[in-house]
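Starting from 1, each residue takes its place in the sequence as its number. Just follow the structure's listing: the first ligand is 1, and inside any ligand the first atom is 1.
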Amino acid sequence: MTKVVIIGGGPGGYEAALVAAQLGADVTVVDRDGIGGACVLTDCVPSKTLIATSVRSTYVRESARLGIEIPTADGRPDVTVDLRTVNERVKRLAQAQSDDTAARVLKEGVEVIPGEARLVDPSIVAVGDQRIRADVVLVATGAHPRELPSARPDGERILTWRHLYDLTELPERLIVVGSGVTGAEFANAYQGLGSEVTLVSSRERVMPTQDADAAEVLEGVFRRLGMTVLGKTRAESVTNTGSGVVVTLSDGRTVEGSHCLMTVGMIPNTANLGLEEAGVRLDKGGFVQVDRVSRTSTPGVYAAGDCTGVNMLASVAAMQGRIAMWHALGEAVSPLKLSTVASTVFTHPELASVGATEEDVRSGRVDARVVNLPLDTNPRAKMTNSKDGFVKLICRQQTGIIMGGVIVGPRASELILGVSVAVQQRLTVDEIAHTFSVYPSLSGSVTEAARSLMQASPE
Ligand SMILES: Cc1cc2nc3c(=O)[nH]c(=O)nc-3n(C[C@H](O)[C@H](O)[C@H](O)COP(=O)(O)OP(=O)(O)OC[C@H]3O[C@@H](n4cnc5c(N)ncnc54)[C@H](O)[C@@H]3O)c2cc1C
Ligand SMILES: NC(=O)c1ccc[n+]([C@@H]2O[C@H](COP(=O)([O-])OP(=O)(O)OC[C@H]3O[C@@H](n4cnc5c(N)ncnc54)[C@H](O)[C@@H]3O)[C@@H](O)[C@H]2O)c1
């Protein structure tokens with residue numbers, strides 16, 4: 001029986017464990033923090049739970065526009081959140097998700113060892129004094145928040161997102177440093193919860209890795225709701241003054257707030273693991289170099305998830321982990337295909353995307369046509385007062401095959417599935433255009449966008 005040892009119990013590790021167990025391998029997962037990993041315990045699951053509260057409070061705050069009157073004691077509209085209760089719920093839910101995942105893994109016969117693992121050599125994994133022999137090793141150790149030496153998080157006023165769930169009171173004036181996906185999600189979430197938010201963005205626009213039109217819509221929403229977005233400037237240092245924080249910017253300005261949240265990127269958990277000693281090649285940033293079937297440079301050692309730096313998403317980590325096991329255990333396997341990955345930025349409204357981008361078209365990398373249909377003419381969007389957003393579809397110039405799409409709108413994370421199916425199955429705009437959508441619905445804008453691309457089709 002093949003012995004598989006997996007280091008790290010996040011989506012990269014536990015999904016791999018489930019596949020390997022199903023294929024009859026003897027599987028051990030070593031994890032130091034808990035099954036589900038950072039994804040479930042500190043990153044993805046807690047943040048989306050917090051965002052659920054934020055979005056709900058925004059809806060309540062805006063409900064007067066739909067004719068709802070919420071009387072308060074002093075007659076003024078007043079939506080406040082009790083952050084202690086919110087954070088207790090967040091942590092409870094994350095732990096429950098970790099427990100459910102652990103139960104599933106154990107039920108499949110996987111052995112789980114709590115502890116810190118390292119490679120002794122490509123076929124021996126050490127956990128404390130214990131040595132585990134392995135035919136196959138999967139490294140799925142994830143990543144941790146990057147820290148700036150001049151802005152060391154202290155857990156009190158200078159925070160990483162992993163400190164947020166210990167706060168008992170809402171930060172009055174929150175400064176978020178870094179406007180990648182993490183920064184944008186938290187800045188928008190705390191704005192919705194009632195904090196006064198300043199977002200420090202080093203780039204021309206927020207979320208530089210996302211569709212430019214989508215980032216523009218979201219930055220517009222952030223500003224309209226009162227967020228201060230400081231563009232094209234970097235945080236040089238952050239000081240805890242005892243009663244607040246002072247952020248010094250690269251352009252010489254200073255910003256004061258009650259708390260500062262640092263979201264300046266991720267560092268892979270690959271140090272002191274014995275990887276390089278075992279011949280596993282890392283790149284300059286310390287990420288494990290892998291091919292599209294998750295092989296490292298050392299035979300028998302595979303890697304998956306954030307520690308590889310490949311599109312750092314839970315879904316990608318899980319797929320890399322499964323592919324590693326299919327490959328290692330001799331199953332037929334297709335290499336990882338990143339061109340069909342769907343992802344969502346959980347701002348309000350949400351930003352979901354899949355496949356080719358408009359930037360791919362502009363740069364000439366793909367020969368395609370693009371349509372962008374604003375949501376403000378969609379009847380359902382009008383009814384629900386959620387008009388910020390659009391549906392963008394990208395199809396191949398000649399054949400009309402859908403290559404990608406972007407949706408900005410409420411529940412875009414759910415709406416994008418239709419476009420994902422089209423991209424994965426290579427459906428054409430004609431096929432989407434002939435598909436019934438419900439009237440009235442936001443998904444009606446997906447079929448309408450397909451129809452307009454069909455009309456623009458050269459005969
Ligand atoms: C704030 C935030 C929100 C996010 N939201 C989303 C989202 O909405 N959707 C999405 O798809 N992705 C999201 N992501 C990304 C997602 O969380 C990661 O891509 C995912 O966690 C990667 O999974 P992983 O298995 O590689 O690592 P992890 O989930 O980080 O798990 C790795 C595990 O390995 C353990 N470990 C590390 N070293 C050792 C060792 N030496 N021995 C034993 N155990 C070890 C760690 O303790 C951890 O438990 C978000 C990320 C952040 C930061
Ligand atoms: N919803 C989701 O799927 C989700 C949510 C969060 C994170 N993630 C994933 O996690 C990964 C990491 O994302 P991230 O946003 O944490 O990191 P990131 O590296 O993408 O963004 C960090 C940003 O901080 C900026 N920055 C760095 N130093 C700065 C400074 N001194 N001052 C101001 N800005 C500074 C960088 O220019 C960059 O734009 C991504 O792959 C992302 O997709 C996914």
Side-chain angles (χ1 to χ4, degrees), residues 6-16 29-48 50-51 98 113-119 125-127 138-146 148 150-151 160-162 164 175-186 189 199-203 205-210 230-238 247-250 262-275 303-318 320-321 341-347 350-352 413:
I6 298 173
I7 309 178
Y14 76 73
E15 288 288 346
V29 176
V30 186
D31 191 281
R32 63 178 182 206
D33 291 327
I35 294 295
C39 176
V40 168
L41 290 164
T42 56
D43 295 357
C44 175
V45 169
S47 63
K48 264 77 262 183
L50 182 87
I51 287 166
S98 169
I113 300 180
E116 179 127 7
R118 68 186 164 79
L119 274 185
V125 173
V127 189
L138 176 72
V139 180
T141 48
H144 61 273
R146 185 168 85 90
L148 306 181
S150 55
T160 74
W161 61 86
R162 293 184 182 173
L164 289 174
I175 303 168
V176 178
V177 174
S179 69
V181 174
T182 305
E185 283 187 354
F186 281 118
L199 178 60
V200 179
S201 173
S202 59
R203 306 295 184 87
R205 60 175 168 88
V206 301
M207 293 183 281
T209 57
Q210 302 293 318
L230 301 173
K232 289 195 278 184
T233 187
R234 304 178 72 78
E236 292 284 329
S237 66
V238 185
V247 178
T248 304
L249 303 177
S250 49
M262 302 300 297
T263 57
V264 292
M266 305 280 289
I267 303 287
N269 297 329
T270 52
N272 309 320
L273 268 180
L275 292 175
D306 282 6
C307 68
T308 68
V310 176
N311 202 350
M312 294 160 94
L313 293 172
S315 52
V316 173
Q320 284 181 296
V341 174
S343 66
T344 294
V345 184
F346 288 83
T347 41
E350 294 176 352
L351 184 183
S413 51

Please compare [options] and report which has the shortest non-hydrogen distance to [atom].
atom: atom 42 (C) of ligand 2; options: Met262, Met312, Glu350; value: Met312
atom: atom 35 (C) of ligand 1; options: Thr160, Val125, Asp31; value: Asp31
atom: atom 19 (O) of ligand 1; options: Val181, Val30, Asp306; value: Asp306
atom: atom 2 (C) of ligand 1; options: Thr344, Asp43, Thr42; value: Asp43

| Pair Ser179-Ser201, side-chain donor/acceptor within less than 3.5 Å | yes
| field | Glu350 and Thr344 side chains, donor-acceptor separation under 3.5 Å | value | no
Under 3.5 Å: N/O of [X] near N/O of ligand 1:
X: Glu185; result: no
X: Asp33; result: yes
X: Gly305; result: no
X: Ala38; result: yes
X: Leu273; result: no
X: Met266; result: no
X: Ile7; result: no

| Any protein heavy atom < 4.0 Å from atom 6 (C) of ligand 2 | yes
| Is the backbone N or O of Val177 less than 3.5 Å from a side-chain atom of Thr263, with the two atoms forming a donor-acceptor pair by type? | yes
| said: Quick check against the 3.5 Å criterion: does Gln320 have a side-chain atom that pairs as donor or acceptor with the backbone of Gly305? | reply: yes
| query | At what distance, to the nearest 0.5 angstrom, does CG of Leu275 lie from SG of Cys307? | reply | 8.0 Å
Taking non-hydrogen atoms only, is [X] closer than 4.0 angstrom to ligand 1 via side chain, backbone, both or neither?
X: Leu41; result: neither
X: Pro11; result: both
X: Ala314; result: both

With respect to [X], determine whether any N or O atom, backbone or side chain, lies less than 3.5 Å from an N or O atom of ligand 2.
X: Thr182; value: yes
X: Glu185; value: yes
X: Leu313; value: no
X: Trp161; value: no
X: Ser201; value: no
X: Met266; value: no
X: Thr344; value: yes

| query | Should Gly115 be listed as contacting ligand 1, given a heavy-atom distance under 4.0 Å as the test? | reply | yes
| For ligand 1, is Phe186 a contact, meaning one of its heavy atoms is under 4.0 Å away? | yes
If the cut-off is 4.0 Å to any non-hydrogen atom of [X], which atoms of ligand 2 fall inside it?
X: Arg146; result: 27 (C), 28 (N)
X: Leu148; result: 31 (N)
X: Gly180; result: 15 (O), 21 (O), 23 (C)
X: Gly265; result: 17 (O), 19 (O), 22 (C)
X: Arg203; result: 37 (O)

Side-chain contact, heavy-atom cut-off 4.5 Å: [X] with [Y]?
X: Thr182; Y: Met266; result: no
X: Tyr14; Y: Asp31; result: no
X: Val345; Y: Glu185; result: yes

| field | Region of Val177 engaging ligand 2 - heavy atom pairs below 4.0 Å | value | side chain
| remark: Within the 4.0 Å heavy-atom cut-off, what Lys48 brings close to ligand 2 is side chain
| query | In chain order, what residues pass the side chain to side chain contact (heavy atoms under 4.5 Å, CB included) check against Ser343, with sequence neighbours excluded? | reply | Leu313, Ser353
| task | Could you check atom 5 (N) of ligand 1 against the protein and tell me its nearest heavy-atom contact, residue, atom and distance included? | result | Lys48 NZ, 2.9 Å
| task | Decide side-chain contact (heavy atoms from CB on, under 4.5 Å) for Arg32 and Asn269; before the verdict, give the C-alpha distance in whole Å, the side-chain angles of both, and the deciding distance to 0.1 Å. | result | CA-CA 12 Å; Arg32 63 178 182 206; Asn269 297 329; 3.8 Å; yes
